[in-house]
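Below: one structure, written as structure tokens.
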Amino acid sequence: MNSSPYDILIVEDNPTIRGVMQMGFELEGFSVRVACDGLDALNQLERDSLPQLILIDLLMPKINGFEFLERIKKDPTLPASKIPVIVISAVANTSREKIPHAHAVFSKPVDFELLFEAAEKHCHKSLN
Amino acid sequence: MNDNQDSKQIPNITSEISKPQDWLIGSGSMADQIRNLDWSQTALGPRDHWPITLQVTVNSILVSPLPMAILWGKELLLIYNDAYLRITRTPEPHYLGQSAKIPWRTVWPTYAPYFERVMQKGEAVELKEHRYSPQDQTDTQDQYWISVLYSPIFAEKNLVAGVQLTVIDITAQKQLEISLREKEDRLNQALKGATSGTWECDLITRSFTFSSAIKPMFGFSDEQKTTSIEDWKTLLHPSDRENAIATTLHAIQTQNPLQCEYRVVKPDGKISWLYVLGDTRYKNGVPHLMTGICLDITQRKKLEEELRAAIDLRDEFMSVASHELKTPLTALHMQLQLLLRMASKSGAVSDSKIIELSKAAVGSAQDLANLLDELLDVTYIRVGKMSLDLTKMDLRQSLTDQIELIQESANQKGSSITFIANQSIVGRWDPIRISQVLSNLLSNAIKYGEGKPIEVTLSTDDMRKSARIEVQDAGIGISQEMQSKIFERFQRAISADKITGLGLGLYFVRQIIQAHNGTIRVESNPDCGSRFIVELPLESQKENTP
């Protein structure tokens, strides 16, 4: 792991799942921020420094995952549009084709091993 | 087989005829019996002395495949062939040459008039479609149907010397006829019901006639006997009109039976669903008449719609339930994976982290268990109808029990439960359903009560006609907008962020209370808690809700 940890944002409405994801990534040495829906995440992106990676659920109140992606990707000149996004979907067999803006798509329940691997790879790319 | 026998007989017959002393021809057992009987002991006398007419007639019945017999002379002396023996089951041929009065004594009154008339008038007489039981046979299965032709045998000077009987077995035709009639009776019986009738449409005059059962289907008056094709078209439901007309025309053109379903709008605006069957008749290829039956299937359609609604509800429910189940399952799966990772990094992870995660995993498993309980409750609910098992029960006792059961989870949340009931209230309710209602209201109060005190009160109205249960919490409350929705299916007052569940609890509660002829309502303001008020009549008027 890098000496300065990767900075990620987890967007998930279910507190239990949000908690376990946060704990898992922190255990792997990531620096983790969380948001409870798409609106919360957008507000944080405006306010705070940008993370190297966003992990986001699809079905959420207020602003869902699809809408969040649309918003941050619609203007390619915005710094936030450059952040890679991994979608974690509860909908079975969600394919990447259906979510063109996603850099990777995982179905719940996710395999932590593979998720950590993918997260690390995208954070690395994002930094360079 | 028969051909072979015939070809073998030919030389015999020739040889018999060549013997001048024996006029008798034919083989078969009756021919042998006649040949071998000592006729000199009978009233007919020796065979060679019989009149030529009798000899010829005997030969003719012996070669006949039809059951035939001869009644000879005034004494009506009997001679018959093999087929006759079979059909009448005359026990044995020892009646040969005897008066028919002896073997036929029991049935004499039935048959005597026929051959007496032949003897007297010299006319052939037919006994038509007679139900015949062989002698000593009372079993109706052994009965059959015959027609008998009695024709005179003329001797010299046109005197009637005897009667020739020809029996025609019509049992098969008769049985077919009877079964057809039974079928027709059954059909008529079926059509007598108010929900089906027959119709006829003259395609030349373009007019309908119909049986009385059809009148209410179209909303015709009792006096109305006919209608025109044009009027029929206007009665059709606008959505079905085009298709009904096209289907009918297609059946006529393709010479196929008509089979179609459509709605009609009656003059009073009510709608009937009809199932119509018809058949077209043609004269020289031109369709001129349609006949058929018409069934009122409105009731069936209604049931079909209810069934479809039930299936939609089930699908909706399955979709909600599987999504709800997946959330705690996902959490549990990820928690266990993480625990495994922690275990493999022994020493690197603090015990407190492991304990924290383990507790969270237990919590997820509990969430799953709660959801499954809710799913099991669903099996108690049937769409549209809930049957109750009413029995005398004490509501105060039931509430005490439910509060005790839920006490621990209230303690965990930090809520105290106060129960105020001045007296026991006994009524006739369904104990299992009522405990479901109480448990749902109490667990909601804990779930949404933010750890604040909960108050439960039980009372009756002044007339002691109904019980009143109030469950009051001091929690998050329910907005005005949501208050009208919370009793509907799959509704929750707040987002899934804080609360899990299928959103069926209050829907069930209301279903159960309504089945008891009771009411439930809520008084609430956001952040000021909610008060659920249930009124239950002590005696439910009916045991089922429609």
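Reminder, nothing fancy here: chain letters follow the sequence lines and each chain counts from 1. All values below were derived from every heavy atom in this structure, side-chain atoms included, with hydrogens, water molecules and symmetry-related copies excluded.
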>> Would you say that more than 12 heavy atoms from the other residues, nucleotides or ligands in this model lie under 6.0 Å from the CD of E404(B), or not?
In response: no
>> Does K62(A), at its NZ atom, have more than 12 non-hydrogen atoms belonging to other residues, nucleotides or ligands within less than 6.0 Å?
In response: no
>> Given 3.5 Å as the limit, does a donor-acceptor pair link the side chain of Q337(B) with the main chain of G24(A), or not?
In response: no
> Is a side-chain N or O of K353(B) found less than 3.5 angstrom from the main chain of M23(A), in a donor-acceptor match?
Replying inline: no
Smallest separation among heavy atoms of [X] and [Y], with atom names:
| X | Y | value |
| --- | --- | --- |
| M342(B) | L27(A) | CG-CD2, 3.5 Å |
| R341(B) | F116(A) | NE-CE1, 3.3 Å |
| I17(A) | A331(B) | CG1-CB, 3.7 Å |

Tell me, for [X] versus chain B, whether the close heavy atoms (under 4.5 Å) come from the side chain, the backbone, both or neither.
| X | answer |
| --- | --- |
| D37(A) | neither |
| L115(A) | neither |
| E113(A) | both |

> Which value, rounded to the nearest 0.5 Å, describes the distance between M334(B) atom CE and T16(A) atom OG1?
Replying inline: 11.0 Å
> Could you give the distance from NZ (K108(A)) to OG1 (T327(B)), rounded to the nearest 0.5 Å?
Replying inline: 6.5 Å
